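The next block holds one structure in the form of C-alpha cells; read it before the comments.
Each chain gets a letter, A, B and so on, in the order its sequence line appears, and its residues count up from 1. All figures in this text were calculated on a predicted structure; none of them were measured in a lab.
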Amino acid sequence: MSALPEVPLTIEGASVLHQMMRIRWSVWRGLSAAERDTIVAEAASALAGLESGGRKASALYSLLGHKGDVMFVHFRDNFEELHQAELAVARLRLSDYLDVTSSYLSMVELGLYESTQKTYSALIEQGVEPFSEPWNAAVEETLTRQREAMKVRLWPEIPEAKYICFYPMDRRRGEQKNWYQERMADRARMMHEHGMIGRRYAGEVRQIITGSIGFDDWEWGVDLFAEDPLVFKKLIYEMRFDEVSAVYALFGTFYVGIRTRSEDLPVLLAV
Amino acid sequence: MSALPEVPLTIEGASVLHQMMRIRWSVWRGLSAAERDTIVAEAASALAGLESGGRKASALYSLLGHKGDVMFVHFRDNFEELHQAELAVARLRLSDYLDVTSSYLSMVELGLYESTQKTYSALIEQGVEPFSEPWNAAVEETLTRQREAMKVRLWPEIPEAKYICFYPMDRRRGEQKNWYQERMADRARMMHEHGMIGRRYAGEVRQIITGSIGFDDWEWGVDLFAEDPLVFKKLIYEMRFDEVSAVYALFGTFYVGIRTRSEDLPVLLAV
Amino acid sequence: MSALPEVPLTIEGASVLHQMMRIRWSVWRGLSAAERDTIVAEAASALAGLESGGRKASALYSLLGHKGDVMFVHFRDNFEELHQAELAVARLRLSDYLDVTSSYLSMVELGLYESTQKTYSALIEQGVEPFSEPWNAAVEETLTRQREAMKVRLWPEIPEAKYICFYPMDRRRGEQKNWYQERMADRARMMHEHGMIGRRYAGEVRQIITGSIGFDDWEWGVDLFAEDPLVFKKLIYEMRFDEVSAVYALFGTFYVGIRTRSEDLPVLLAV
Amino acid sequence: MSALPEVPLTIEGASVLHQMMRIRWSVWRGLSAAERDTIVAEAASALAGLESGGRKASALYSLLGHKGDVMFVHFRDNFEELHQAELAVARLRLSDYLDVTSSYLSMVELGLYESTQKTYSALIEQGVEPFSEPWNAAVEETLTRQREAMKVRLWPEIPEAKYICFYPMDRRRGEQKNWYQERMADRARMMHEHGMIGRRYAGEVRQIITGSIGFDDWEWGVDLFAEDPLVFKKLIYEMRFDEVSAVYALFGTFYVGIRTRSEDLPVLLAV
Amino acid sequence: MSALPEVPLTIEGASVLHQMMRIRWSVWRGLSAAERDTIVAEAASALAGLESGGRKASALYSLLGHKGDVMFVHFRDNFEELHQAELAVARLRLSDYLDVTSSYLSMVELGLYESTQKTYSALIEQGVEPFSEPWNAAVEETLTRQREAMKVRLWPEIPEAKYICFYPMDRRRGEQKNWYQERMADRARMMHEHGMIGRRYAGEVRQIITGSIGFDDWEWGVDLFAEDPLVFKKLIYEMRFDEVSAVYALFGTFYVGIRTRSEDLPVLLAV
C-alpha cells in the first residue's frame with residue numbers, strides 16, 4: 001500500500017504577506033513639519049484605501065520592542081497581488097523613513113484531517129487505487145466541497161481586534177520525535193485535542209493559520225487577534241502542554257502589535 | 001480524564017518592556033557642548049518623571065560591554081502604556097544618539113503550582129468536571145484571591161538596588177527531556193526545590209519573574225536586583241545544579257547594568 | 001570489500017549562480033527621472049541580452065518579502081563564465097542601487113542511483129576490483145553514456161514559468177539518523193519513492209536540482225518553476241512525508257519570485 | 001539530604017572586561033597627519049596610564065583576522081570601575097575611529113573542588129546540617145582562608161607575554177551528557193585530570209580563568225598568555241581529549257592577539 | 001595508565017591567514033578613472049611583491065557569490081608576520097574600497113597518527129613512563145625527524161592552480177558520537193581510509209590542511225587547489241561517505257575562488 005494516504009488534505013485561500021519595519025526616527029525628525037505632514041497625509045490616505053479592501057485588505061500594527069516599529073499585514077487573492085501591495089508600500093514617500101527588518105509569506109490554510117480520513121477510508125474500502133483517476137476525482141470533490149463550505153475562513157477579512165500576535169512555527173522532525181513519521185490517525189487525534197483548547201478561547205481570540213511550506217522558512221504562520229493581549233499568553237501557555245505542541249512544535253520569533261488605523265498615523269508619527 | 005489539569009495556574013501583573021541601546025558616541029561628541037547640555041537636560045527631566053511613577057515607573061541602567069550602553073526597564077499597567085513609553089523615549093532628542101539593539105516584552109507572572117494542585121485536587125474529589133462552569137468558577141475564585149494576596153509582587157515598584165541582571169530563559173522541550181511532558185507533581189516538586197535556593201538569597205537579591213510566552217522569543221524573563229553583582233553569579237551558579245535548571249533550563253543573553261538616575265545622566269554623557 | 005561502491009555516481013552540467021538583491025529604494029528615488037530612465041534602459045538592454053542566451057542565459061525574478069527584492073539566476077558553462085556574469089551585473093549602473101543579500105553557487109547534477117547499482121553489480125560479478133583501471137573505464141563509460149542521454153537536462157534552458165521557488169538543502173548526518181551511513185540499496189529505494197511523488201506533479205512543476213557540495217554551504221539547491229505557486233506548497237508538503245524527506249532532509253531559506261523580463265523592468269523600478 | 005553539597009565552592013577576585021574593536025581605517029586615513037598624531041598621542045598617553053595600574057591595569061592587543069583589530073583587557077576591583085574604564089576608552093578621541101564588535105564580562109574565579117569536598121565531608125561527619133549557621137560559618141572560614149592563600153591568583157597583574165588567546169566556554173547540559181547532573185566526586189576527578197595537563201604546560205603558558213555565569217552569555221572565559229602562540233594549539237588540542245573537555249566542554253569564539261603597548265600605538269596606527 | 005597516549009602527535013609549519021572581502025563597487029565607481037588607475041597600480045604592484053614571496057607569499061582569489069568578492073591567502077613564518085601582512089593590506093589605498101567580511105587564522109598541520117602509534121608503542125614496550133624525561137625526549141626526536149622529512153609540506157608554496165576551495169571543519173563531539181572519545185587505533189584506521197580517497201585524487205587536486213584549535217572558531221581549515229572546480233565536488237562528495245566524514249565531520253562555510261594575479265587586477269576592477 002502506498003504511503004501517501006498519510007498526507008492530510010489541505011485547502012488554501014488568501015495569500016498573506018507580513019512586513020515588519022523600523023521607523024528611522026532620527027531622519028524622520030530631521031524633516032520639516034510641513035514635509036512630515038505631507039508624507040503622513042499621503043501614507044494615511046493610502047492606508048485608508050488598503051484597510052477597506054474587504055478580503056483584499058491590509059492592516060497596520062504598531063509593534064512593541066526592537067523587532068520593528070510597525071507591521072503591515074496584507075491579505076490578497078494571489079502572490080502577484082501581494083507583490084503589487086509590497087511595491088505600493090515601497091513607493092510611499094514614508095518608505096524612505098522605514099527599514100524592512102523581516103517579512104513572512106504564506107497562504108491561509110485549513111488542514112482537513114477528519115475529511116481526509118473519511119475520504120481515504122471510503123475509497124480504500126471501495127477498492128479504489130490511490131492516485132488512480134477515480135481516487136483523484138473523489139479527492140477533488142472533497143476539496144471542492146470543503147473550499148465552498150469554508151469560504152469565509154479561507155478568504156477572511158482582517159479581524160478588528162486591537163492586538164495581534166504573529167509567529168511562525170514548524171513541526172519537529174527530530175531523530176526520535178518526528179511529526180512526519182507519526183501515523184495519520186495519531187496526528188489527527190493530537191490535532192483534535194489541540195483544537196479543543198482553541199475552542200475554549202473562541203470568544204476571546206480569533207486565529208488565522210497560514211501555511212508556508214515552500215514559501216518561507218517555517219512551515220506555518222499563526223496570527224492571533226484579541227482585545228486583551230494576556231489571552232495570547234494564556235492560550236499559548238496552555239497549548240504548550242498538549243501533546244502536539246509539547247513534543248512537536250518549534251517556534252520562531254513572536255511579534256506583538258497594536259492595531260494602528262489610518263487616522264492614528266499622525267499620532268504615531270508625531271515627533 | 002482531560003490532560004488540562006497538567007497546566008499550572010498563573011496570575012499576571014505589570015506589563016514590562018526592556019530596551020537595550022547603544023550610544024552613538026562619535027555623533028554625540030560631534031555636537032556642541034551647548035547642544036549636548038540641552039539634550040541631556042531634556043532627557044534627565046524626562047527620566048526624573050519616569051523614575052517617580054510608582055508601579056508605572058521606568059528605570060535606566062548603564063550596561064557593561066558591547067550589548068548596549070544603556071537599558072531602559074519600563075513597568076506599566078498594560079501594553080498600550082508600554083507603547084506610549086516606547087514612543088516617549090523615541091521622541092526624546094537624545095534618541096537621535098541612541099541605537100536600539102534589543103528589547104524584551106513580558107508581564108510579571110507568578111506561577112501557582114501549589115494552589116493549582118490544591119484547587120484541582122479538591123475539585124476532582126468533588127467530582128467537578130474540568131472546564132465545566134463550576135470548575136471555571138472555582139478556578140477564577142482561586143485566581144482572584146491570589147491576585148489580591150500577591151498584589152504587591154504583581155505590581156512591583158522597581159527595586160532601588162545598584163545592579164541589575166536580566167536574562168530570558170526557556171524550559172527545555174528536548175526529544176528526551178521535555179518539561180512540558182513531565183507530570184505536574186514532579187514539576188511542582190522541582191519548582192519548590194528551586195525556590196528554596198532563592199529563599200536563602202532573599203536578603204541579598206530581589207527577583208522579578210516575567211512571563212513572555214506569546215509576547216517574545218523566550219518563555220520567561222528574569223530580573224535580579226542586588227547591591228553586589230557577585231551575588232548574581234553565586235545564585236545562578238548554585239541554581240544551575242538543581243534539577244529544574246540543570247536539566248530543563250535554557251538561557252538567552254545576559255545583561256548586567258548599573259542603575260543610572262536622572263541626576264547621573266550628565267556624568268554618563270560627558271565627553 | 002572497499003566501502004566505496006556506496007557512493008552513487010553523478011553527472012554534472014551547467015554551472016549556476018543565484019544572486020539575491022535588495023533595491024535601495026530611497027536612494028533610487030533620489031535620482032532624477034531622467035537618470036532613472038537611462039539606468040533602467042541600460043539594465044533592460046543588458047537583461048534582454050542575458051535572457052536570450054539559451055543554455056548560457058540568466059533570468060531575473062521579483063522576490064516576495066524582505067529576503068530580497070530581486071533574484072538573478074545565471075546558467076553558464078563553467079565557474080569562470082559565472083564570474084563574468086557576476087561582474088557584468090556588478091558593472092551595471094543599476095547595481096549602485098542594489099545590495100546583494102545572498103547567493104548560491106552550484107552545478108546541475110543528476111544522481112544515478114539506478115545506473116550505479118547496475119554498473120557496480122555487473123563489475124563485481126565479473127570480479128573487477130573497485131578503482132582498478134577496468135573498473136574506472138567501465139564507470140567512465142557509464143558516465144559518458146548518461147551525460148549524452150541526459151544532455152538536455154544537464155544543460156537546460158531556464159523554464160518560462162511565471163513563478164520560481166528556490167531553496168538549498170542537506171541530507172541529515174545526525175547521531176542516529178545519518179543518510180551517509182545508510183546502505184546504497186536503501187538510499188536508492190528512498191530516492192525512487194521520492195521521485196515517484198515528483199512524477200505526479202510533472203505537468204505542473206519543473207524541477208532543476210543542482211549540487212553544491214564543495215561549492216556552497218548546503219549540499220544541494222532546488223529550483224522549482226510553476227505557473228501557480230500553490231503547487232510548490234502542495235509538492236513540498238506531500239514530499240515532507242516520504243521517508244527520505246521526513247527523516248533525512250534539512251532545509252535552508254526559501255525564496256519565491258515572479259519572473260521579471262527586461263520589458264518589465266521599467267514598471268518594477270517605477271517610483 | 002539536600003542536593004546542595006553538589007555545588008563546588010568558588011572564590012572570586014578581579015572584575016574583567018574584554019573589548020574587541022575594529023579600526024575604521026578609511027575614516028582614520030581621511031584625517032590629516034597632524035590630527036592623527038594628536039589623537040594617537042592622546043590614546044598612547046592614556047594607554048600608558050592604564051598599563052601601569054598593577055592589579056587595576058588594562059592591556060591592548062592587536063587581534064588577527066576580522067573579528068576585530070584590537071582588544072582591550074581591563075582588570076579592575078569591581079564592575080563600577082570596569083564601567084569607568086569602558087567610559088574612559090569611549091571618551092578617547094581615537095574611539096571615533098573604533099567600532100566595538102564584541103565584549104566579555106567576567107570575574108577571576110578559582111573553583112575549589114578539593115576544599116569543598118574536604119569541608120563538606122568534615123561537616124557532614126560532624127553531623128552539621130547543610131546551610132545551618134555553623135555550616136555557613138565553616139564554609140565562610142574555608143573561603144576566607146582560600147581567598148587569602150590565593151590572593152595573587154585572584155588579583156593578578158596582566159602577564160607580560162607577547163600573545164594572548166581568549167575564548168569563552170560552557171559545560172555541556174545535554175539531554176544525555178550533563179555536567180550539572182554528574183556527581184561532585186566525578187567532576188572533581190575530571191577537573192583534577194584536566195589540571196594535570198595544564199600543569200605540564202606551566203612553563204610555557206599562563207592561564208587565567210574567569211567566571212561569567214550571570215554576567216555574560218557563556219559560563220567561563222579563558223585567557224591564555226604565551227610567548228609562542230603554537231602552545232595555545234598544543235595545550236587546547238591535548239585537553240580536547242581529556243574527559244571533561246571531550247564530553248562536557250562547549251567553546252565560543254577564539255580571539256588571538258599580539259600585545260601592543262602604548263609605545264607601539266603610533267606604528268599600529270600608521271597609514 | 002595515563003589517557004594521554006590517545007592524543008596524536010602533530011607537526012606545524014606555516015602560519016596562514018585567509019581574508020574575505022567585498023568590493024564597495026558603488027564607491028569605487030564614484031572615483032575618477034585617474035584615481036582608480038593610481039589605486040589599482042599601487043595594489044597590483046603590492047600584490048606582485050606578495051605573490052613572489054616563496055614560502056612567505058600571498059595570493060588573491062576572486063570569490064564567487066555574496067560571501068566576498070576577493071580572498072587573500074597569506075602564508076608566513078609566524079603570526080607576527082601575518083599581522084604585518086594584514087596591516088600591509090589595510091594600508092593599501094584600495095582597502096578604502098574593500099570591506100573585510102570574514103577571515104580564518106590557522107597553521108599548516110600534519111597529524112602523525114602512524115608515527116604516534118609506533119613511537120608510543122615502542123616506548124611503552126620499553127617501560128618508559130608517559131611524560132617522563134626519556135618519553136618526552138623520544139617524542140621530540142620523532143617530531144624533529146618528521147618536521148625535517150615533511151619540510152616541503154609544512155612550508156608550502158601556494159599552488160599555481162586556477163581554482164581554490166576553502167572551508168573550515170570540526171570533528172563532532174556529540175552526546176553519542178564523539179571523535180575525542182574514540183580510541184586512537186580507531187581514529188588512525190578511519191584517518192587512513194580517509195587518506196586513501198584523497199590519494200586517488202592526487203593528480204587533480206592539491207590539499208593543504210591547517211590546524212586552528214586555539215586560533216579560530218573551527219578545528220581545522222581545508223584548502224583545495226585544482227584546475228577544474230568539479231573535482232572539489234567529486235572529492236568532497238565521495239569523502240562524505242567514508243566513516244570519519246559521515247559520522248564525525250562538521251563543516252563551516254565554503255568559499256570558492258578563481259586565482260587573480262597582480263596583472264589581472266585592472267580587469268577585475270574595471271568599471
Would a 4.5 Å heavy-atom cut-off, applied to side chains only, mark [X] and [Y] as touching?
X: Val256(C); Y: His83(A); value: no
X: Arg171(A); Y: Arg240(C); value: no
X: Phe254(C); Y: Asp217(A); value: yes
X: Arg173(A); Y: Phe251(C); value: yes

I'd like to know whether His66(C) forms a side-chain contact (heavy atoms from CB on, under 4.5 Å) with Met20(A), so could you lay out the CA-CA distance, the side-chain angles of the two residues, the decisive distance to 0.1 Å, and finally the verdict. CA-CA 9 Å; His66(C) 79 294; Met20(A) 295 74 168; over 6 Å; no
Could you look at [X] and say if it's the side chain, the backbone, both or neither that has a heavy atom under 4.5 Å from chain C?
X: Leu92(A); answer: backbone
X: Arg187(A); answer: side chain
X: Asn178(A); answer: side chain
X: Glu80(A); answer: both

What closest approach, in Å, do [X] and [Y] show between heavy atoms, and which atom pair accounts for it?
X: Gly65(C); Y: Ser103(A); value: CA-OG, 3.3 Å
X: Met107(A); Y: Pro229(C); value: CE-CG, 4.4 Å
X: Phe215(A); Y: Lys67(C); value: O-NZ, 4.4 Å

Interface moiety of [X] toward chain A, non-hydrogen atoms closer than 4.5 Å:
X: Leu63(C); result: backbone
X: Val231(C); result: neither
X: Val222(C); result: neither
X: Leu230(C); result: both
X: Tyr167(C); result: neither
X: Phe166(C); result: neither

Does [X] have more than 12 heavy atoms from other residues, nucleotides or ligands lying within 6.0 Å of its [atom1]?
X: Glu263(C); atom1: CD; value: yes
X: Arg153(A); atom1: CZ; value: no
X: Glu133(A); atom1: CD; value: no

Just so I understand: if I count every heavy-atom pair under 4.5 Å between each of Leu87(A), Leu105(A), Asp216(A) and chain C, which residue has the most?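 That would be Asp216(A).
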Who among Leu17(A), Leu82(A), Thr10(A), Asn78(A) has the most heavy-atom pairs with chain C under 4.5 Å?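 Option with the greatest count: Thr10(A).
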Just do the side-chain contact (heavy atoms from CB on, under 4.5 Å) check on Ile213(A) and Met239(C) with the steps written out, would you? CA-CA 11 Å; Ile213(A) 289 182; Met239(C) 282 185 167; over 6 Å; no
Pairs of heavy atoms under 4.5 Å with chain A: top-ranked of Lys177(C), Glu243(C), Met196(C):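 Highest number of pairs under 4.5 Å: Lys177(C).
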Quick check on the interface: out of Tyr163(C), Tyr255(C), Phe232(C), Tyr237(C), who has the most heavy-atom pairs with chain A under 4.5 Å?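 The candidate making the most pairs under 4.5 Å is Tyr237(C).
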Any donor-acceptor pair under 3.5 Å linking the side chain of Glu175(A) with the backbone of Glu175(C)?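 Confirmed, Glu175(A) side chain pairs with Glu175(C) backbone.
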Which residues pass the side chain to side chain contact (heavy atoms under 4.5 Å, CB included) test with Arg145(A), not counting sequence neighbours?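 Result, side chain to side chain contact (heavy atoms under 4.5 Å, CB included) vs Arg145(A): Glu141(A), Thr142(A).
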Give me the contact list for residues 23-31 of chain A versus chain C, heavy atoms only, anything under 4.5 Å, ordered by residue number.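 The residues closer than 4.5 Å to chain C, in numerical order, are Arg24(A).
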